[in-house]
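Letters A, B, ... are given to chains in the order of the sequence lines, protein chains preceding strands, and every chain is numbered from 1.
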Amino acid sequence: MTDHTALHRTVLGWYAAHARELPWREPEAGPWAVMVSEFMLQQTPVKRVLPMYAQWMERWPTPAALAAAPSGEAVRAWGRLGYPRRALRLHAAATAITEQHGGEVPTDHAELLALPGVGEYTAAAVASFAHRQRHAVLDTNVRRVFARLVDGNEYPPTATTAAERRTANELLPEQPETAATWAVAVMELGALVCTARTPDCAHCPVAADCAWRLAGSPAYQGPPRRGQSYEGTDRQVRGRLLAVLRAADHHADVPQAALDAVWPDPVQRARALDGLVADGLVQPVAPGVYRLPG
DNA sequence: CACCCGTGGTC
DNA sequence: TGACCAAGGGT
């Protein structure tokens, strides 16, 4: 039950002075704008999200507008943002919001969590950033900041732990409005200063209190964090296949031959295509003919 | 819970 | 240059 007022004031002051101006943080950005940004930002850098976000919000400014479009159009508009299943899930979330929540993004955390593509982080982020509620928001940035500041470790554990949730809740300001700003402020600190590779400790507002710094910035000791291989994987094949489908006109059939051209190994190619169909990203319309889903 | 799921930028 | 990283979620 320590008093964290000084820490709150320091971080909130830093945020007030250094926060980026992002469209989903503008006063006119409602819950839908926040939700769209959160889907796009899942494992994708802000810089690459910005242009796609602008296009998306202009085309589908409400959940109902997106729900009225074919899911394949969402996949097509997703472009090269990566992880196209996110586009499908965002479309499914828009449909659920339209059909079950009167077209309004839910305010209740549990209802948010029940939406397709909304997990622990995104539910807390929308409830906090858009609805100004008090929630611990644990993304990769926040987890890294707390790992260093509180635990003295360079990196957080592989998966979010109960101890991390305890820390986040312990440090969360009591007032909901303050907590909401605190959540985005800690995230911003992780994104801009307390970065993964080369943290800018010289400009960190809490460097003097940082357990990791005070311990001499010891190198990461934990288990090796598995890298993400990509060359030669099914994911690469899926990406190439879907690129062909996206490039085709809306409702234009894509012949098997066009898909066969993207990858030499027929076994892996077929497996990747089957996977896309199973995921609902590709629709088989006839033997040897495919398109994005309607 | 370990693994799968895209894409592009960085050192 | 290959490994790492980027506002995760689903299984």
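Using a 4.0 Å heavy-atom cutoff across all strands shown, A/Leu242 reaches no nucleic acid atom at all. Contacts of A/Phe39 with the nucleic acid, taken as non-hydrogen atoms under 4.0 Å apart, are absent. At a threshold of 4.0 angstrom between heavy atoms, the contacts of A/Leu22 include nucleobase atoms, whether or not backbone atoms are also involved. A/Asp234 comes within 4.0 angstrom of sugar-phosphate atoms only, judged by non-hydrogen atoms across all strands, and of no base. Across all strands, A/Thr140 comes closer than 4.0 Å only to sugar-phosphate atoms, never to a base (heavy-atom distances). Among the atoms of the strands shown, base atoms are found under 4.0 Å from some heavy atom of A/Arg20. Within the nucleic acid shown, A/Ala125 has no heavy atom closer than 4.0 Å to any nucleic acid atom. As judged by a 4.0 angstrom heavy-atom cut-off over every strand, A/Arg271 is placed among residues making no nucleic acid contact. No contact: A/Trp78 has no heavy atom under 4.0 Å from any strand.
Judged purely by distance below 3.5 Å, without hydrogens or angles, the side chains of A/Glu38 and A/Tyr121 pair a donor atom with an acceptor atom. Remark: the A/Gln133 side chain and the A/His135 side chain contain an N/O donor-acceptor pair separated by less than 3.5 Å. A donor-acceptor pair shorter than 3.5 Å cannot be found between the side chains of A/Thr160 and A/Glu120. If you check the side chains of A/His250 and A/Glu73, you find a donor sitting under 3.5 Å from an acceptor.
One finds a side-chain N or O of A/Arg238 lying less than 4.0 angstrom from the OP1 or OP2 phosphate oxygen of B/dG6. Phosphate contact (OP1/OP2 of C/dA6, side-chain N/O of A/Gln43, threshold under 4.0 Å): absent. Look at A/Arg144 and you'll find a side-chain N or O under 4.0 angstrom from OP1 or OP2 of C/dA6.
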Check nucleotides 9-11 of chain C against the protein and report each pair of N or O atoms closer than 3.5 Å, with its distance, or say if there are none.
from	atom 1	to	atom 2	distance (Å)
C/dG9	OP1	A/Gly119	N	3.0
C/dG9	OP1	A/Thr122	N	2.9
C/dG9	OP1	A/Thr122	OG1	2.4
C/dG9	OP2	A/Tyr121	N	3.3
C/dG10	OP1	A/Gly117	N	2.8

Protein-nucleic acid N or O pairs under 3.5 Å, nucleotides 1-4 of chain C:
from	atom 1	to	atom 2	distance (Å)
C/dC4	O2	A/Arg197	NH2	2.3

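Between the side chain of A/Arg235 and the base of B/dT7, no donor-acceptor pair under 3.5 Å is found.
Annotation: A/Glu58, atom CD; neighbour count of heavy atoms from other residues, nucleotides and ligands within 6.0 Å does not exceed 12. Annotation: A/Glu104, atom CD; neighbour count of heavy atoms from other residues, nucleotides and ligands within 6.0 Å does not exceed 12. Heavy atoms from other residues, nucleotides or ligands lying under 6.0 Å from CD of A/Glu21 number 12 at most.
The distance from the CG atom of A/Leu189 to the CG atom of A/Asn141 is 9.0 Å, given to the nearest 0.5 Å.
Counting to the nearest Å, the C1' atom of C/dA7 and the CD atom of A/Glu38 are 5 Å from each other.
Taking atom C1' in both B/dC1 and C/dG8, one finds a spacing of 15 Å when rounded to whole Å.
Here the rule is side-chain hydrogen bond (donor to acceptor under 3.5 Å, both in side chains) with A/Thr181, and of A/Arg132, A/Gln175, A/His8 only A/Arg132 fits it.
Residue order along DNA chain B, read from the 5' end via each residue's closest nucleotide, puts A/Gly239 first among A/Gly239 and A/Lys47.
Heavy atoms only, all atoms of each residue included: A/Leu172 and A/Ala136 are closest at CD2-N, 3.6 Å.
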